[in-house]
Number of protein chains: 2
Amino acid sequence: MTKRATRRRGAELEDALLRAAADELAESGYAGLTMDRVARRAGTNKNALYRRWPDRLALGIAAYRLLAKSFQPPDTGALREDALETLRLANRHWSSPLGAILRELMAAAGSAQELLAQLSDRSADTTAATWLLILGRAVARGEAHPEALHPRVATVAIDLLRNEFVTRGAPTAPDEVLREIVDEVYLPLVRARGSVTERG
Amino acid sequence: MTKRATRRRGAELEDALLRAAADELAESGYAGLTMDRVARRAGTNKNALYRRWPDRLALGIAAYRLLAKSFQPPDTGALREDALETLRLANRHWSSPLGAILRELMAAAGSAQELLAQLSDRSADTTAATWLLILGRAVARGEAHPEALHPRVATVAIDLLRNEFVTRGAPTAPDEVLREIVDEVYLPLVRARGSVTERG
DNA sequence: CAAAATAGGGTACGGCTAGTACCTAATGAG
DNA sequence: CTCATTAGGTACTAGCCGTACCCTATTTTG
């Protein structure tokens with residue numbers, strides 16, 4: 001704790017706090033993210049934290065967002081490869097330490113939709129926009145039925161993988177699971193979409 | 001805490017403890033489930049708990065299982081109705097206070113597959129067996145393609161709903177979401193399953 | 001440039017919880 | 001009757017969140 005030459009304020013201090021929180025989060029997970037340690041790591045004390053975030057969870061989420069990386073959707077020219085590649089990316093993310101942290105935060109957020117939203121939005125690889133883009137290109141190539149261009153349908157693959165992630169533990173889903181999702185569910189679904197009203 | 005005439009032991013005491021834990025869980029959720037309160041409610045102390053369950057989480061899961069109800073798959077004679085009915089049931093469960101508790105427990109279980117398994121197995125409405133049964137009958141009636149009789153495919157509907165439950169907060173998914181899952185995804189998928197290898 | 005307002009820093013504390021230790025008392029088996 | 005087992009009582013450690021209080025550096029402003 002060497003005295004600092006000049007006292008940090010405002011954005012500078014806030015960055016340092018967030019950085020410290022993110023580091024602690026990466027090292028110890030949300031369970032190990034304690035306000036005291038974050039403050040100490042940033043070279044200050046809890047007051048600075050509580051002036052900016054209402055509680056530990058809010059700080060945790062903010063720090064997680066700092067850790068989450070940005071993402072470019074693939075464009076391999078084939079729907080199957082685009083989908084697999086995007087799933088693999090998400091799978092890697094969820095299977096990494098970050099995935100475990102995400103679990104903890106989602107858990108802690110409980111039913112607070114507002115906070116949950118801040119978590120789901122991360123990692124564009126899971127958003128509807130990404131999948132609509134991928135699928136849109138596939139439709140243009142004639143690989144998928146235009147009817148499938150609907151968020152509920154377009155995101156089925158990632159939704160199923162997320163479900164795997166949630167119900168199984170965090171460890172990486174084998175590539176076979178990804179292929180199953182794509183080959184057994186996603187591709188059949190977007191290719192041959194029979195009209196719903198065809199029968200009853 | 002009036003002295004009991006006779007001191008409870010073994011199974012009798014264990015039941016009382018579990019009952020007390022389940023009641024506390026129902027009243028206060030997992031966050032409010034404290035060992036001291038459970039012990040006091042059962043008219044004993046923490047020793048009795050720690051002799052039986054290694055920690056709070058294990059007790060919480062055991063108590064949750066006590067609360068989870070059993071379930072009979074519907075048989076309405078139409079796949080669409082069977083699926084919708086089963087989804088509605090799960091939706092009610094997940095939207096009830098029990099659903100919130102399940103969230104907390106899944107969160108606390110983190111990546112411990114062993115514990116997670118104890119949670120997913122509950123409520124037969126979410127298991128593969130149930131969906132294979134429903135779908136099997138549909139195949140027999142000619143409502144679904146035999147190829148669809150595969151766990152990954154059969155459980156798609158409930159998997160998607162679980163995903164809703166996890167990413168949104170707990171509040172009940174509107175019936176429209178359920179219908180969307182069934183009409184836009186599930187039925188098209190199980191009816192017209194194009195061969196996967198048809199293309200690449 | 002002085003004074004007032006603002007924000008950072010240090011420290012301590014209340015209240016709560018998990019889990020452990022240790023001892024006494026009831027119970028049941030042989 | 002004896003003894004091993006198990007229940008009950010109580011106290012304790014250690015950790016954490018969130019808050020309060022007061023002092024000090026920096027900035028603002030008059």
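Atoms considered below: every heavy atom in the structure, side chains included; atoms not considered: hydrogens, waters and symmetry mates. No experiment lies behind these values; they were computed from the predicted model shown. In what follows, every chain begins at residue 1, and chains take the letters A, B, ... in the order their sequences are listed.
- Checked for salt-bridge contact, Asp175(B) and Arg179(B) meet the test: a charged N lies under 4.0 Å from a carboxylate O.
- For Ala90(A) against Leu161(A), the heavy-atom pair with the smallest separation is CB-CD2, 4.3 Å.
- Under the rule for a side chain to side chain contact (heavy atoms under 4.5 Å, CB included), the partners of Asp55(B) that lie at least two apart in sequence or sit in another chain are Leu57(B), Ala58(B).
- Between Thr44(B) and dA7(D) there is no side-chain N or O to OP1 or OP2 distance below 4.0 Å.
- Between Glu164(A) and Arg162(B) there is no salt bridge, since none of the side-chain N atoms of the basic residue sits less than 4.0 Å from a carboxylate O of the acidic one.
- Regarding Glu12(A), its CD atom lies at a distance of 16 Å from the P atom of dA7(C), rounded to whole Å.
- Salt bridge status for Glu81(A) with Arg88(A): absent, with no side-chain N to carboxylate O gap under 4.0 Å.
- The stretch residues 47-59 of chain B comes close to DNA chain C through Asn47(B), Tyr50(B), Asp55(B), Arg56(B), each having a heavy atom under 4.0 Å from the strand.
- For the pair Lys46(B) NZ and dT20(C) P, the interatomic distance rounds to 10 Å; values are reported in whole Å.
- Across residues 30-37 of chain A, Leu33(A), Thr34(A), Met35(A) each have a non-hydrogen atom less than 4.0 Å from an atom of DNA chain D (numbered order).
- One finds a salt bridge joining Asp23(A) and Arg19(A) here, because a Lys/Arg side-chain nitrogen approaches an Asp/Glu carboxylate oxygen to under 4.0 Å.
- Judged purely by atom type and a 3.5 angstrom limit, Glu24(A) has no side-chain atom pairing as donor or acceptor with the backbone of Thr34(A).
- In this structure, the side chain of Arg52(A) engages the main chain of Ala48(A) through a donor-acceptor pair within 3.5 Å.
- In this structure, CG of Asn45(A) is placed 12 Å from C1' of dA7(C), rounded to the nearest angstrom.
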